[in-house]
Amino acid sequence: MLRTLFKARVQLLRDFAKQRGFDGILLSRCDNFSWFTFGARNHITLNTEVGAAHILVNEESVYILTNNIERKRIEKEELHEDISSEVEFAEYIWSKNMVDVLKPFISTKKIASDTGMLQTTDIKQQIDQLRYVMSDFELKTYSDLGKTCDYVLNKEMKELKPEMTELEVQGIIYKSLAKEGIEPIFVMVSGEESAKLYRHNLPRNVSLGKKVFVSICARKRGLVVSATRSVLFEKDQNLIEQHKQNCYIDAVAISKSKIGITLNHVFEKIKHAYAEVGKPYEWMLHHQGGLAGYNAREIIANESTEYELKIGNVLAWNPTITGTKSEDTIALTEDGMKIISYFDDSDWPCIEFKIDGTSIKRPDLLVIERR
């Protein structure tokens, strides 16, 4: 199955190049390398956008160009066997300049790329569009990742204590995700104080206090799941009610995310939902999420994002009201919308909303009163 999907992806790039008069396409960005190979990684450090291996697709061949440090790992550990048999490696010693290595492949040719490097034509934005729709294979990978992330958050957050620091909790979540082979590219821990101060709180050496929410962007096989879970250590009825309002806004966003609808249409529904719960200006204080995939957000929705939703798209909405947040990752499939990071059999408590005849479940606040 994967070999067939890979061949189709190769042909997609060849057709793309031919229609635009290019002799080949060079992919170097980490998101595109993972997309093209159905999950292989070309990065070394987590914070890089351009990896240490590059893909060149032309009319005759598919090459992976990399140095002798990375070649064996990529071939043996990263590429599925159905794909490794379909590519050729062009390996060079690490001390060589990649420009010199690429010259035989690109000199006298018209090459497009996702970076514009080496005087190639930068077509990053056009390549991005190819990446947004997931195959069934990718959606299965996504679903498995989402379930594991839900499990990790369930397991670790039930053990949290108010005297723990945000940094300590970040380390706990890092460790638990890493044990599952998941890259924690973002773990935000917002304790009682931080949740009121910052929408994007980078964990600090301060105690959690009476409450905490943890937001993650967790990556495996190149795909990124986003999710948020919240804990109260002392029952607070006002906060419980606010969290419910926040979840309602999220449920509206999820329910309106349908095939053929544009992102800016959903965004307007989100703004209306804020007004419905008496918080008409809170949407201005933080972005509301949008299209997800090989990045935590491929497109952040706003008034002008006219991208039309399709089968195979993945989204992560994240509405916030100062002090609370609701977030999960959803997939648009042939069978309808599926929340892939919060399943019906999740151990986390839920709030259920009926919107336009559709039942939407959102993670409730978990109250853990420590004696």
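Computation of the quantities below employed the complete heavy-atom set of this structure, encompassing side-chain atoms and omitting hydrogens, waters and symmetry-equivalent molecules. All residue numbers in this chain count up from 1 along the given sequence.
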Peer 1: In this structure, is the centre-to-centre distance between the rings of Phe16 and Phe22 below 6.0 Å?
Peer 2: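 They do not qualify: ring centres at least 6.0 Å apart.
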Peer 1: Run Ser207 and Glu163 through side chain to side chain donor-acceptor pair (under 3.5 Å) and show every step you take.
Peer 2: CA-CA 5 Å; Ser207 298; Glu163 63 270 19; over 6 Å; no
Peer 1: How about Asn318 and Arg199: does a side-chain donor come under 3.5 Å of a side-chain acceptor?
Peer 2: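 No, no side-chain donor-acceptor contact under 3.5 Å.
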Peer 1: Would you mind checking if Arg9 and Glu138 are paired as a salt bridge, meaning a charged N to carboxylate O distance below 4.0 Å?
Peer 2: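 Looking at Arg9 together with Glu138, the answer is yes, because their closest N to O distance falls below 4.0 Å.
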Peer 1: Under a 3.5 Å distance rule, please check whether Arg297 uses its side chain to pair with a backbone N or O of Ala316 as donor and acceptor.
Peer 2: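 Side chain of Arg297 to backbone of Ala316: a pair is present.
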Peer 1: Just by distance, do the side chain of Gln288 and the backbone of His286 share a donor-acceptor pair under 3.5 Å?
Peer 2: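 Yes, because the side chain of Gln288 sits within donor-acceptor range (under 3.5 Å) of the backbone of His286.
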Peer 1: Ignoring hydrogens and geometry, is there a side-chain-to-backbone donor-acceptor pair from His80 to Thr37 under 3.5 Å?
Peer 2: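 Pair absent, no side-chain N/O of His80 close to backbone of Thr37.
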Peer 1: Hey, does Leu315 have a side-chain heavy atom less than 4.5 Å from the side chain of Leu263?
Peer 2: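 Yes; the side chains approach each other to less than 4.5 Å.
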Peer 1: Could you tell me the separation between the SG atom of Cys30 and the CG atom of Asn42, rounded to the nearest 0.5 Å?
Peer 2: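 Spacing of SG (Cys30) from CG (Asn42) equals 4.5 Å.
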Peer 1: I'd like to know if the side chain of His54 pairs up with that of Ser28 as donor and acceptor (distance under 3.5 Å, no hydrogens or angles considered).
Peer 2: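 Side-chain D/A pair, His54 to Ser28: present.
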Peer 1: For a side chain to side chain contact (heavy atoms under 4.5 Å, CB included) with Lys244, tell me which candidate from Ile351, Thr324, Val277 qualifies.
Peer 2: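 By the side chain to side chain contact (heavy atoms under 4.5 Å, CB included) criterion, Lys244 pairs with just one of Ile351, Thr324, Val277: Ile351.
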Peer 1: Is it true that Arg131 and Asp128 make a salt bridge, defined as a side-chain N closer than 4.0 Å to a carboxylate O?
Peer 2: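 Yes.
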Peer 1: Using side-chain heavy atoms (C-beta onward) and a distance below 4.5 Å, is Met188 in contact with Val214?
Peer 2: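 No - every pair of side-chain heavy atoms lies 4.5 Å or more apart.
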Peer 1: Between Phe343 and Lys147, is there a cation-pi geometry (under 6.0 Å to ring centre, at most 45° from the normal)?
Peer 2: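 Output yes; distance and angle both within limits.
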Peer 1: Any side-chain to backbone donor/acceptor pair from Thr120 onto Met117? Under 3.5 Å, distance only.
Peer 2: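 Looks like yes, one N/O pair under 3.5 Å.
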Peer 1: To the nearest 0.5 Å, what is the distance between CG (Leu365) and CH2 (Trp348)?
Peer 2: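 The CH2 atom of Trp348 is 9.0 Å from CG of Leu365, to the nearest 0.5 Å.
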Peer 1: Nearest 0.5 angstrom please: Met157 CE to Leu366 CG, how far?
Peer 2: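 Nearest 0.5 Å value for the CE-CG distance: 8.0 Å.
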Peer 1: Using a distance-only test with no angle check, is there a side-chain donor-acceptor pair under 3.5 angstrom linking Lys325 and Ser230?
Peer 2: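 Short answer, no.
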Peer 1: Should we count NZ of Lys96 as having more than 12 external heavy atoms under 6.0 Å?
Peer 2: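 Counting other residues, nucleotides and ligands, NZ of Lys96 stays at 12 neighbours or fewer.
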Peer 1: Whether Asp144 and Lys220 form a salt bridge (side-chain N of Lys/Arg under 4.0 Å from carboxylate O of Asp/Glu) is what I want to check.
Peer 2: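 Salt bridge absent between Lys220 and Asp144.
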Peer 1: Any side-chain donor-acceptor pair under 3.5 Å between Glu282 and Thr322?
Peer 2: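 Thr322 and Glu282 do have a side-chain donor-acceptor pair below 3.5 Å.
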Peer 1: Indicate whether any N or O donor in one side chain lies under 3.5 Å from an N or O acceptor in the other, for Ser326 and Trp317.
Peer 2: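 Looking only at side-chain atoms, Trp317 and Ser326 do not form any donor-acceptor pair under 3.5 Å.
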Peer 1: May I have the step-by-step check of side chain to side chain donor-acceptor pair (under 3.5 Å) for Gln11 and Asp15, ending in yes or no?
Peer 2: CA-CA 6 Å; Gln11 194 58 48; Asp15 291 344; 2.9 Å; yes
Peer 1: Hey, mind stepping through Asp82 and Phe6 against side-chain contact (heavy atoms from CB on, under 4.5 Å) and telling me if it holds?
Peer 2: CA-CA 8 Å; Asp82 283 0; Phe6 180 69; over 6 Å; no
Peer 1: Is it true that the side chains of Glu298 and Asn295 contain a donor and an acceptor less than 3.5 Å apart?
Peer 2: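 Yes, because at least one side-chain N or O of Glu298 sits under 3.5 Å from a partner of the opposite role on Asn295.
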Peer 1: Can you tell me how far CD of Glu193 sits from NZ of Lys211, rounded to the nearest 0.5 angstrom?
Peer 2: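 Going from NZ on Lys211 over to CD on Glu193, the span is 12.0 Å.
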Peer 1: For the aromatic rings, using the six-membered ring if either is Trp, is the centroid distance between Tyr274 and Tyr281 under 6.0 Å?
Peer 2: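 Centroid distance Tyr274-Tyr281: not below 6.0 Å, so no.
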Peer 1: Would Glu49 and Arg29 pass as an ion pair if we require N to O under 4.0 Å?
Peer 2: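 Salt bridge: yes.
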Peer 1: Less than 4.5 Å apart, side chain to side chain, heavy atoms only: is that true for Ile216 and Phe186?
Peer 2: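 No. Closest side-chain heavy atoms not under 4.5 Å.
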Peer 1: More than 12 heavy atoms of other residues, nucleotides or ligands under 6.0 Å from NZ of Lys271: is that the case?
Peer 2: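 Counting neighbours around NZ of Lys271, more than 12 heavy atoms of other residues, nucleotides or ligands fall under 6.0 Å, so yes.
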Peer 1: For the residue pair Glu180 / Thr148, report whether a side-chain donor-acceptor contact shorter than 3.5 Å exists.
Peer 2: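 Checked: Thr148/Glu180 side chains show no N/O donor-acceptor pair below 3.5 Å.
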Peer 1: Walk me through whether Tyr248 and Glu276 qualify under side chain to side chain donor-acceptor pair (under 3.5 Å).
Peer 2: CA-CA 10 Å; Tyr248 170 73; Glu276 279 188 86; 3.0 Å; yes
Peer 1: Please tell me whether Asp100 and Tyr92 have a donor and an acceptor in their side chains that are separated by less than 3.5 angstrom.
Peer 2: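 No.
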Peer 1: Could you report the tightest heavy-atom contact between Thr262 and Glu306, atom names first, then the distance?
Peer 2: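 Result for this residue pair: CG2-O, 3.6 Å.
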Peer 1: Does the side chain of Asp150 come under 3.5 Å of the side chain of Ser346 through a donor N or O and an acceptor N or O?
Peer 2: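 Looking only at side-chain atoms, Ser346 and Asp150 do form a donor-acceptor pair, the distance falling under 3.5 Å.
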Peer 1: Between the side chains of Asn246 and Gln242, does any donor sit under 3.5 Å from an acceptor?
Peer 2: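 Checked: Asn246/Gln242 side chains show no N/O donor-acceptor pair below 3.5 Å.
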Peer 1: Between Glu352 and Ser359, is any side-chain donor less than 3.5 angstrom from a side-chain acceptor?
Peer 2: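 Short answer, yes.
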Peer 1: Contact between Lys361 and Asp344 at the side-chain level, heavy atoms closer than 4.5 Å - yes or no?
Peer 2: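 They are in side-chain contact.
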Peer 1: Between Thr165 and Arg204, do the side chains contain a donor N or O and an acceptor N or O under 3.5 Å apart?
Peer 2: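 The answer is no; no qualifying pair exists.
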Peer 1: Taking Glu86 first and then Arg3, would you say they form a salt bridge - that is, a charged N and a carboxylate O separated by under 4.0 Å?
Peer 2: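 Yes, this pair counts.
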Peer 1: Could you tell me if Asn201 and Glu166 have a donor-acceptor pair between their side chains, going purely by distance under 3.5 Å?
Peer 2: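 Present: a donor and an acceptor within the cut-off.
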Peer 1: Looking at Ser255 and Val252, would you say the former's side chain and the latter's main chain have a donor-acceptor pair under 3.5 Å?
Peer 2: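 Answer holds: yes.
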Peer 1: For Phe89, does the six-membered ring have the charged nitrogen or CZ of Arg71 within the cation-pi criterion, i.e. under 6.0 angstrom from the centroid and within 45° of the normal?
Peer 2: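 Yes.
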Peer 1: Indicate yes or no: does Arg362 engage Asp328 in a salt bridge with an N to O separation below 4.0 Å.
Peer 2: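 Yes, charged N to carboxylate O under 4.0 Å.
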Peer 1: Donor-acceptor pair, Thr66 side chain versus Ala52 backbone, under 3.5 Å?
Peer 2: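 Flag set: sc Thr66 to bb Ala52 pair under 3.5 Å.
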Peer 1: Atom CG in Asp23, atom CG in Asn58: separation rounded to 0.5 Å?
Peer 2: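 CG of Asn58 is found 8.5 Å from CG of Asp23.
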Peer 1: Give a yes or no on whether Glu303 atom CD has more than 12 heavy-atom contacts from other residues, nucleotides or ligands under 6.0 Å away.
Peer 2: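 Counting other residues, nucleotides and ligands, CD of Glu303 exceeds 12 neighbours.
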Peer 1: Taking all non-hydrogen atoms of both residues into account, name the closest pair between Ala253 and Val266 and its distance.
Peer 2: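 Heavy-atom minimum between the residues: O-CG1, 3.7 Å.
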Peer 1: Do we see a donor-acceptor contact under 3.5 Å between the side chains of Glu156 and Ser176?
Peer 2: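 Side-chain D/A pair, Glu156 to Ser176: present.
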Peer 1: Is it the case that over 12 heavy atoms from other parts of the model lie below 6.0 angstrom from the NZ atom of Lys196?
Peer 2: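 No, the 6.0 Å shell around NZ holds no more than 12 heavy atoms from other groups.
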Peer 1: Looking just at side-chain N and O atoms, do Thr358 and Asp356 make a donor-acceptor pair shorter than 3.5 Å?
Peer 2: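 Side chains of Thr358 and Asp356: no pair found under 3.5 Å.
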Peer 1: Do other residues, nucleotides or ligands put more than 12 heavy atoms under 6.0 Å from Tyr151 OH?
Peer 2: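 Counting other residues, nucleotides and ligands, OH of Tyr151 stays at 12 neighbours or fewer.
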Peer 1: Please confirm whether the ring centroid of Tyr63 lies under 6.0 Å from the ring centroid of Phe105.
Peer 2: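 So the answer is yes for these two rings.
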Peer 1: Using a strict 4.0 Å threshold on nitrogen-to-oxygen distance, state whether Arg229 and Glu327 make a salt bridge.
Peer 2: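 Glu327 and Arg229: not salt-bridged.
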Peer 1: Go through the steps to decide whether Tyr307 and Asn264 satisfy the test side chain to side chain donor-acceptor pair (under 3.5 Å), and finish with yes or no.
Peer 2: CA-CA 8 Å; Tyr307 181 85; Asn264 56 354; over 6 Å; no
Peer 1: Has Asp136 got more than 12 heavy atoms of other residues, nucleotides or ligands less than 6.0 Å from its CG?
Peer 2: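 Result for CG/Asp136: open.
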Peer 1: Between Glu70 and Arg73, is there a salt bridge with N-O shorter than 4.0 Å?
Peer 2: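 Answer for the salt bridge query: yes.
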Peer 1: Could you measure the distance from the CG atom of Leu239 to the CG atom of Leu232? Nearest 0.5 Å is fine.
Peer 2: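 Rounded to the nearest 0.5 Å, the CG-CG separation comes out at 5.0 Å.
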Peer 1: Assess, by modelled atom type and distance only, whether the side chains of Asp335 and Thr333 contain a donor and an acceptor separated by less than 3.5 Å.
Peer 2: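 No, because no side-chain N or O of Asp335 sits under 3.5 Å from a partner of the opposite role on Thr333.
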